[in-house]
Each structure stands twice: as structure tokens, then as C-alpha cells.
Amino acid sequence: VEFKAGTSLLSVCAHCSSAVARVGDDITELEILGQVAPLADIGSPLRLGTRGHYKGEDFQLIGRVQLDYGRGPWNEWYASFDRGSWGWIAEAQGRVYFTFGKSIPDLPDYARAGVGSAVHVGQLRFVIVERRKAHFSAAEGEIPFRATPGANVYYADCEGPNGAFGTIDYGSEGKAAEMFFVGDEVSYEALFDKSVLADITPGRAAAAVGLNCPNCGAPVPLRAPDDAQRVTCAACDSLLDCSKGNELFLLSSEKGKGPGPAIPLGAAGLIDGVKWTVFGFLVRSTVVDSIKYFWEEYLLHADGRGYAWLVSSDHHLSFVRPIHAGDVHESGATVRYRDRTFRLFQAGSAKVERLSGEFYWKVELGETTGVSDYVDPPSIISEEMASGEVSWSSGEYVPVEQIEKAFKLERRLPRPHGVAPNQPNPHTASFHSSFKLGALFTALLVVSAMIIAARSPNREVFSKTEVIKRPSPPLSTETGTGETILSEPFEINRLGNLEINLRSPVSDRWLFVMGTLINQTTNEARDFGVGVSYYSGVDDGESWSEGSTSRTIYLGEVRPGTYVVKLTPEWGPANAPPSAYTVSIHAGVFLPSHVFAALLLIWLVPIFLAMAHWSFEKRRWAESST
Amino acid sequence: MIKGTLGKFYLAVCGFVLITYLAVEARAVVFEGTDLPANVQGPPGSHHHGSAGHGWFVGYHGGK
């Protein structure tokens with residue numbers, strides 16, 4: 001038994017698999033803790049002795065433990081740096097993490113470290129994404145702690161901002177935090193030279209060729225044997241366990257419900273310049289108001305990029321990738337992600353109804369998770385919560401035509417219907433730009449109007465109050481007519497309008513003044529009329545009134561010249577004339593109504609687009625469960 | 001700022017409205033007509049017809 005690193009406390013005998021621990025500081029005093037079970041072949045390009053480098057420092061893999069929480073083991077590699085420090089490289093579900101132990105005070109106890117809760121380490125905010133009890137199932141090489149084979153290990157995994165990752169170690173008791181391992185997500189390529197990775201033959205990958213379905217005997221190829229945990233048989237739809245070495249185990253022969261994949265399994269397409277291959281297909285459902293709604297999800301894989309999803313809901317497509325929980329900040333019904341705010345659209349549970357293909361996790365029919373979707377079109381952020389863990393993903397709306405073209409599909413995909421939660425509003429861009437253009441022309445119009453108003457003379461050219469005498473003897477006609485008056489001549493200096501105002505204290509009667517504007521220079525005459533009426537009373541105990549004692553009219557395009565105006569009053573009832581009337585005339589009056597009319601015309605298009613925009617949003621949010 | 005056919009259409013609408021407004025103000029055009037005797041409000045429930053046979057109308061007569 002060899003202890004290469006001074007920090008190692010346990011070594012597994014390569015011959016008899018005994019776990020041998022150091023006792024005290026004396027390296028010659030050893031204790032056998034038990035027999036370690038054989039390592040499960042769960043696929044890894046790494047081996048004991050592999051050398052790598054991290055942030056400019058060289059390390060060597062000198063030990064490995066396999067931990068298992070009941071759904072299959074994962075690897076934790078003990079990396080010993082040449083300068084004496086050490087860290088862990090964890091491999092789980094196609095992701096690789098490098099972490100280093102730190103003593104952090106005030107970490108929450110295991111009982112309080114709920115999934116989704118935040119843990120602050122210095123300036124960094126971590127979110128607990130998984131909290132479980134696992135057990136120490138197997139090991140090889142050296143280990144920096146004393147671990148009895150089979151002993152429990154309590155832990156909580158956390159994700160921080162920008163790929164930061166951490167694990168709170170709660171030891172074998174699952175009470176107070178013992179250590180915080182913090183680091184970040186890395187890639188094999190970043191840690192190891194290509195030549196090192198190329199030298200390692202993935203045993204399972206080679207052996208994966210030629211696997212057969214234990215139910216029907218049909219061949220079952222694996223596309224990514226190192227990652228695959230579950231695969232379905234293309235011939236009989238059986239769900240098979242492919243996580244236990246080079247053999248397939250029948251889990252279920254139950255056939256799921258729902259449509260098959262419209263994009264064939266194995267099809268490859270370029271999305272954002274990356275070649276993605278369809279590995280798997282799921283039909284999932286949720287129940288809202290006793291109605292079951294279905295949607296489809298395609299599991300995509302790209303070398304060096306990991307996994308992504310193409311989600312089809314009502315045939316609207318979104319391209320979805322996992323994100324770090326530490327980058328998402330929840331606040332009530334909204335979340336913040338990369339300086340954007342997403343509104344909660346729907347929350348419920350999602351159940352797997354049908355599956356086919358190959359999956360990197362232990363999926364099964366009927367698997368149910370809690371799902372919350374937050375939207376800021378064309379993006380969508382989803383939180384998926386299962387027992388003991390939470391994961392976040394971010395998606396972008398993708399036009400169906402783009403996917404058809406990317407995957408070179410021979411058959412057209414079904415066309416979307418309804419409005420998707422993250423479907424871009426087709427009216428948003430034109431609404432916003434028309435609003436800006438409308439604002440620009442409003443400013444131009446207002447400035448023009450201000451100049452015109454400032455230059456308008458608004459000069460009174462005539463004003464006269466005329467007393468009306470009661471007819472004597474009384475008239476027998478319906479209406480009365482007064483004397484015609486003729487104004488003094490007045491000058492109009494430039495082309496403009498005339499504002500003619502009539503005021504009279506009419507009460508339960510009317511007065512109409514017939515007028516003629518006469519240009520003494522050209523002898524042109526323009527007739528006009530202006531009338532007032534006012535009535536009031538009480539009906540059924542309620543008082544009412546209508547009409548007005550004042551009225552203004554306008555004459556346009558009045559040319560320069562010398563004018564007189566001729567006025568003849570007429571009233572009713574004939575024997576009850578108003579006591580007097582006043583006519584005043586102003587030349588060159590600014591008319592705000594013209595500005596308002598122009599503004600209305602300018603804003604008709606933005607108003608129409610705004611209504612179209614809001615109507616679309618209303619249709620979108622009508623589907624929301626919030 | 002605004003693109004596509006709709007954008008060009010709206011730009012044209014805005015330009016037309018602004019130019020029309022300036023033209024209207026330059027020529028002192030008004031859109032409000034003068035009153036007719038028949039338009040003067042009678043008592044509620046009645047309809048006043050004004051002076052029969054006057055033939056008042058709106059606009060420029062051109063007479064002397």
C-alpha cells in the first residue's frame with residue numbers, strides 16, 4: 001500500500017481492495033477499515049495516474065471514490081497538486097467540476113440547507129441545487145479522508161454565478177457542515193492534454209457496440225455510452241438500463257402515450273453554428289383545471305457542448321440549455337438572469353408520458369417534476385424541481401422553419417398554433433419604432449404650432465353690443481327679426497382667419513345672427529350665421545339645462561383688405577327676444593384644434609400597433625396559470 | 001428607426017400630416033363651418049327650423 005501524497009489518509013490496496021487508513025502521524029501505523037467493493041464501470045476518460053493542469057499548476061489523479069445515492073454511482077477523483085495541495089474532480093451527468101476544500105463559517109446545517117435556498121460565501125451567492133445522502137460505494141488509489149466502505153455521506157451541491165460550483169460536506173452524520181468544497185465547472189479539454197485523453201480508450205464505448213435488447217433481442221446502439229443511463233429499444237420500445245457496464249437491463253416494456261418524434265432520432269442539425277444530434281425524445285404532460293396538456297422535448301447532444309433541448313409546445317419550438325442556478329435570482333413572481341427580468345408564466349408538474357432514445361439521466365415513464373416557467377420573450381427560464389434537486393434552464397424561441405432547414409427535414413414540421421409563452425410579439429418592434437417616429441413628428445408639429453401661435457396677431461377688429469327692443473305691437477309670427485346693423489370699416493392686413501363670437505343672455509329662447517362680411521375693395525361678400533340657445537327646466541325632480549349663451553364660429557382664407565360686416569338678429573319665441581347681443585370679431589386667431597387633429601392623425605398608426613401589441617400579449621397571458 | 005413597408009407608410013403619413021398642417025395654417029383654412037338657422041337649438045323635444053325660405057348656407061357666396 002502506497003501513500004504518494006502527504007495529505008492522503010486512506011489507500012486502497014490494488015491487490016485485495018482493502019481500505020487501509022493511516023493512524024496518527026506515523027505512516028507505518030496502519031488500520032484496515034474494510035474491504036472496498038469493485039468500482040462500477042460508469043465511463044470516464046480518466047484513469048489513476050493521469051496528469052493534468054489547472055490554472056497553471058500541474059496535478060495528478062492519485063485516487064478515486066465512487067458515491068451513490070441509490071440511482072447509480074458517480075466518480076470523484078482525488079487530484080494531488082505538485083505543490084502539495086489537493087482537490088476533487090467530480091464527474092456527473094456529462095459535467096465535470098473541480099473543487100477545493102475551504103473552511104467557511106456560518107454554513108447552514110443540513111436540515112436548513114433546503115434545495116433552492118441561497119448560501120453566501122464572501123461576495124459569492126450560491127444556490128443549493130441538490131441535497132442528498134449518498135454512500136461511499138467504491139474506491140481506488142488514495143483518499144484524503146478516512147472513509148469506511150459503505151459509510152454514509154451527506155452533502156449539498158450548490159451553483160454560484162458564472163459557473164461557480166460548490167459542495168457542502170455534512171460528513172456521515174448529516175448535521176453541521178464540515179467543509180465547503182468550492183470551485184467551478186470545467187471541461188476535460190481544459191484540464192488534460194488532448195494526447196492524454198486520446199490515449200485513454202473508453203472501455204464502455206468500445207464494448208457498447210453490439211448491445212442487444214434483453215426483451216426482444218434487437219440491436220440497441222448507444223451514441224454516447226459514457227454518459228448514457230437509460231436507452232429505449234427502437235424495436236419494442238422497452239426502457240433499458242445501460243448504466244451498469246456493458247450490459248443492458250430491462251426496466252419496463254410499457255409503451256408510452258403520445259405522438260412519436262417529428263424530428264427523427266439521430267438526425268443532426270446546425271443551430272447557432274453547432275452540430276446538434278437528436279439523442280432522445282420525451283412526451284410530457286401537465287394538468288391544468290383537470291385538462292391534460294402535452295408537449296414534446298427533444299434531447300440534443302453536441303460534442304464538447306453537452307446537452308440541450310428542443311422543446312415543442314403547440315408546435316412552437318424553443319432551444320433550451322441548462323444554466324447555473326447561481327446566475328438566477330428569484331424574487332417573488334419574477335426572476336433576474338443576466339440583467340433581464342422574467343415573469344412567472346406558469347407553474348405545475350410535468351409527467352413523462354412517452355420516451356424514446358438515449359438519456360443521460362435515469363428517466364422513467366411517469367417521472368414527475370415540478371416546473372415553473374418565467375418568460376421575457378423570446379427567452380424563457382425554467383426551473384425544474386425533483387426530489388432533492390433543482391435545475392434551471394434557459395431557452396430561446398426558434399422559428400419552425402429554422403429547425404426544418406437546420407435538420408434538413410424532408411417532411412414539414414406541424415405549424416404552431418396559439419401564442420407561445422416566449423413567442424416574440426410580432427408587433428413589438430414596429431410599435432416601438434412607430435412610437436419613436438410619432439414622438440419625433442409630434443415634436444416637429446408642436447414646434448411648428450408654437451411658431452405659428454407666436455406669429456398669430458389675434459387682433460380684435462370689431463365688437464358691438466346691440467340692445468333688442470320687445471316687438472310692439474306683439475308679433476303673430478313664430479320668430480322675430482331685429483334691425484340690421486352695419487359695422488365701421490376695418491382692415492385685415494394679411495391672409496388669415498376670422499373668429500366671430502356671439503354672446504347673448506338667452507334663457508329658454510334662441511337667437512340667431514345672420515351676417516355678411518363684405519370686402520369693400522373687391523365687393524366680395526361672404527355670408528355666415530351664428531346662433532345661441534339656452535334652455536333649462538326640471539323634469540321628474542331633476543333639473544336640466546342645454547345649450548349655451550355664447551358661440552364662436554370661424555371664417556377661413558380671409559384675404560387682406562378693408563371690410564365691413566352686416567348683422568341681422570332673429571330670435572324665438574317672437575315676442576320674447578333676448579335683451580341684447582354682442583358680436584366680436586378677431587382676425588388671425590391660432591386654432592389649437594388643428595394641432596390636435598394633426599396629432600390624432602400622427603398617433604393613429606402607433607395607437608393601432610399598440611392595440612395589436614397588447615392584443616397579442618393578452619392572448620399570450622390568457623394561457624398563463626398565474 | 002422604423003423598417004419595412006409599414007415603416008415607410010407611417011413615415012409618409014407623418015410627413016403628409018405635418019406638411020398638410022403647415023399648408024392649412026399658411027392658407028388660413030378652417031374646417032369649422034358657420035351656423036345655419038336650423039341648427040340653433042330649440043326647446044327640448046322640438047326641432048327649430050328657423051326662418052323659412054332664407055336659404056342660409058355655409059361658405060363663400062361670391063355675391064355682392
Side-chain angles (χ1 to χ4, degrees), chain A residues 429-430 433-434 436-438 440-441 444-445 448-449 452 479 481 495-497 500 508 510-512 514-516 518 523-535 537 544 546-547 551-558 570 572 588 590-591 593-595 597-599 601-602 604-606 609, chain B:
Chain A
S430 37
S433 47
S434 72
K436 288 177 188 168
L437 199 62
L440 174 68
F441 272 86
L444 289 172
L445 187 73
S448 305
I452 290 167
T479 62
T481 304
L495 178 68
N497 59 25
I500 301 166
D508 292 332
W510 57 268
L511 172 75
F512 185 82
M514 296 169 285
T516 305
I518 301 163
N523 279 338
E524 286 178 326
R526 287 176 70 177
D527 295 329
F528 62 87
V530 53
V532 292
S533 65
Y534 182 81
Y535 294 88
W544 57 268
E546 62 181 42
R551 164 80 177 148
T552 301
I553 64 157
Y554 297 90
L555 293 181
E557 300 178 80
V558 179
E570 192 177 279
F590 174 72
L591 294 176
S593 60
H594 291 183
V595 184
L599 284 175
L601 289 172
I602 283 176
L604 272 180
V605 170
L609 289 172
Chain B
M1 181 184 275
I2 185 165
K3 295 172 183 170
T5 309
L6 181 65
K8 288 174 186 164
F9 166 74
Y10 183 49
L11 189 62
V13 167
C14 287
F16 174 77
V17 170
L18 184 62
I19 289 167
T20 303
Y21 172 75
L22 294 172
V24 161
E25 292 300 331
R27 294 190 58 199
V29 174
V30 296
F31 298 98
E32 299 88 344
T34 76
D35 286 343
L36 292 172
N39 288 349
V40 179
Q41 187 77 48
S46 74
H47 184 70
H48 173 68
H49 289 280
S51 305
H54 265 295
W56 289 102
F57 60 91
V58 180
Y60 176 61
H61 256 281
K64 293 184 178 179

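Here the structure is a predicted model, which is why all the values come from computation and not from measurement. We name chains A, B, ... by the order of the sequence lines, and we start the count at 1 in each one.
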Chemist: Contact part of A/V595 toward chain B, heavy-atom cut-off under 4.5 Å: side chain, backbone, both or neither?
Modeler: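 Both backbone and side chain.
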Chemist: Hey, which of A/I518, A/I500, A/L555 has the most heavy atom pairs under 4.5 Å with chain B?
Modeler: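 Ranked by heavy-atom pairs under 4.5 Å with chain B, first place is A/L555.
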Chemist: Checking heavy atoms, do the side chain of A/A449, its backbone, both or neither come under 4.5 Å from chain B?
Modeler: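 The answer is both parts of A/A449.
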Chemist: With a 4.5 angstrom heavy-atom cut-off, which part of B/V24 approaches chain A: side chain, backbone, both or neither?
Modeler: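 Interface part for B/V24: side chain.
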Chemist: Between B/L6 and A/L609, is there a side-chain heavy-atom distance shorter than 4.5 Å?
Modeler: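 Of all side-chain heavy-atom pairs linking B/L6 with A/L609, at least one is under 4.5 Å.
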Chemist: Less than 4.5 Å to any heavy atom of chain A: does that hold for the side chain of B/F16, its backbone, both, or neither?
Modeler: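 Contact with chain A: none, neither part.
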Chemist: Can you confirm whether B/Y21 sits close enough to A/L445 that some side-chain heavy atom of one is under 4.5 Å from a side-chain heavy atom of the other?
Modeler: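 Side-chain contact under 4.5 Å: yes.
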Chemist: Give the minimum heavy-atom separation between A/I602 and B/Y10, together with the two atoms involved.
Modeler: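 Smallest interatomic distance, heavy atoms only, reads O-OH, 2.6 Å.
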Chemist: At a heavy-atom separation under 4.5 Å, does B/E25 approach chain A through its side chain, its backbone, both, or neither?
Modeler: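 Side chain only.
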Chemist: Could you check B/F9 against A/V605 for side chain to side chain contact (heavy atoms under 4.5 Å, CB included), going step by step and ending with a plain yes or no?
Modeler: CA-CA 10 Å; B/F9 166 74; A/V605 170; 4.2 Å; yes
Chemist: Looking only at non-hydrogen atoms, find the nearest pair between A/S533 and A/W510 and report the distance.
Modeler: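 Shortest heavy-atom separation between A/S533 and A/W510 comes out as CB-CB, 3.6 Å.
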